[in-house]
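Just follow the structure's listing: the first ligand is 1, and inside any ligand the first atom is 1. Please read these numbers as outputs of a predicted model, since none were measured by experiment.
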Amino acid sequence: MPNSIPNSWMPNADMSRIHLHWTAGGHKANSTDIKSYHILVEADGKLVRGIHSIAANAPGASGPRASHTKNANTGAIGVSLCCMRQARERPFNPGPSPMTEPQWKQGLAVLAQLADRYDILVTPTTILSHAEVEPNLNIAQNNKWDIVRLAFDDRFQGPRGVGDQMRAQVATLTGGGAAPAGTGGDDEDFIPNDTKLPRFRVVDVSPSRLNFRRSPGGEKVGSLPERTVVERIGVFGEWWQVRTRLGFVGFVHSGFLRPV
Ligand SMILES: [Zn+2]
């Protein structure tokens, strides 16, 4: 069970993006780290609050703030994983303080909690790694490579390879919002709109619900309870476009659907 961010660390503020970094330091947050980021995740998953409030980076705020991303700090929350001291990108060597899997998972939980709190959609330009700031936002960043590699898993590489995996996971963690009336419903009385379309059942989300989104990884417009049956209209990588029994069309993460 990941740690939760205390509410007191998340003041009201008009924030539009979250950037995930690593510190390029050791496994614990040091005095430099807490000046640079809003929230730090240590190797064991412990959360450490930075000196500057998230609200200090809101548009229009004056005074000291967390400078975590060159020319892209306004409206941006800086989250950083304490790791990767003396790491090398090529050939890849994570060094003596590699990112740990619990730390990564905790980082994703932090992103999801912040996304919910500040109502930030899960998209490549709103929740992204530092390595994606240059390609996704077109703001130069001096060869920053946090995060193009996961020290414990080499399946995901590169700014977008890691970033897309990050967002897919964050999207499944966000939510809990109420479904629009009739979005889900009992599968018992499900009547297919088109019997040629394959049908799938929502599994493994209980007691939570599966986020139902306007676009792949995009705006959350509802949620589907366990056992809801949907028709699959289209496949967009790991995101599937589906239709519910009352005709709502949206996107869900395919990892929680099983053929009926
Ligand atoms: Zn960074």
Side-chain angles (χ1 to χ4, degrees), residues 5 9 15-43 45-54 56-57 64-90 92-101 103-112 114-115 118 120 122-153 156-167 169-170:
I5 308 167
W9 297 13
M15 308 306 289
S16 51
R17 295 191 310 280
I18 311 169
H19 300 173
L20 183 64
H21 303 256
W22 61 47
T23 59
H27 274 158
K28 295 275 185 190
N30 67 23
S31 58
T32 305
D33 300 334
I34 60 174
K35 286 180 201 151
S36 307
Y37 307 101
H38 297 112
I39 295 175
L40 292 125
V41 183
E42 296 187 330
K46 185 187 169 203
L47 303 183
V48 175
R49 189 184 191 183
I51 288 173
H52 301 293
S53 167
I54 285 171
N57 285 54
R65 63 180 182 174
S67 293
H68 55 87
T69 306
K70 188 181 179 191
N71 294 329
N73 290 299
T74 301
I77 302 171
V79 176
S80 196
L81 310 180
C82 300
C83 60
M84 304 299 277
R85 179 170 62 95
Q86 296 169 358
R88 291 258 175 100
E89 184 177 6
R90 288 193 191 86
F92 179 61
N93 183 339
S97 307
M99 184 195 299
T100 70
E101 189 165 13
Q103 184 174 34
W104 171 248
K105 288 184 170 167
Q106 177 66 62
L108 300 179
V110 163
L111 296 180
L114 290 169
Y118 291 100
I120 297 171
V122 184
T123 77
T125 56
T126 50
I127 295 182
L128 61 162
S129 76
H130 193 179
E132 292 184 291
V133 169
E134 185 162 320
N136 296 10
L137 302 179
N138 204 20
I139 301 170
Q141 294 297 315
N142 299 335
N143 303 316
K144 291 294 183 180
W145 63 289
D146 55 324
I147 296 169
V148 303
R149 295 289 298 236
L150 304 176
F152 52 86
D153 186 347
F156 307 104
Q157 297 187 16
R160 199 59 184 258
V162 173
D164 283 346
Q165 169 63 10
M166 172 183 81
R167 280 181 291 277
Q169 298 296 317
V170 170

Nearest to the Zn ion (ligand 1) - the N/O/S atom of [X], by atom name:
X	result
H130	ND1
H21	ND1
D146	OD2

Hey, would you say the W22 and W145 ring centroids sit under 6.0 Å apart?
->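 Centroid separation for W22 and W145: below 6.0 Å.
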Side chain to side chain donor-acceptor pair (under 3.5 Å) partner of H130, chosen from Q141, K70, H68, K144 |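 The side chain to side chain donor-acceptor pair (under 3.5 Å) with H130 is passed solely by Q141 among Q141, K70, H68, K144.
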Does any donor atom in the side chain of T100 or H27 lie under 3.5 Å from an acceptor atom in the other side chain?
->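 Per modelled atom types, T100 and H27 side chains form no pair under 3.5 Å.
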Can you tell me how far CD of Q103 sits from SG of C82, rounded to the nearest 0.5 angstrom?
->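 C82 SG to Q103 CD: 6.5 Å, rounded to 0.5 Å.
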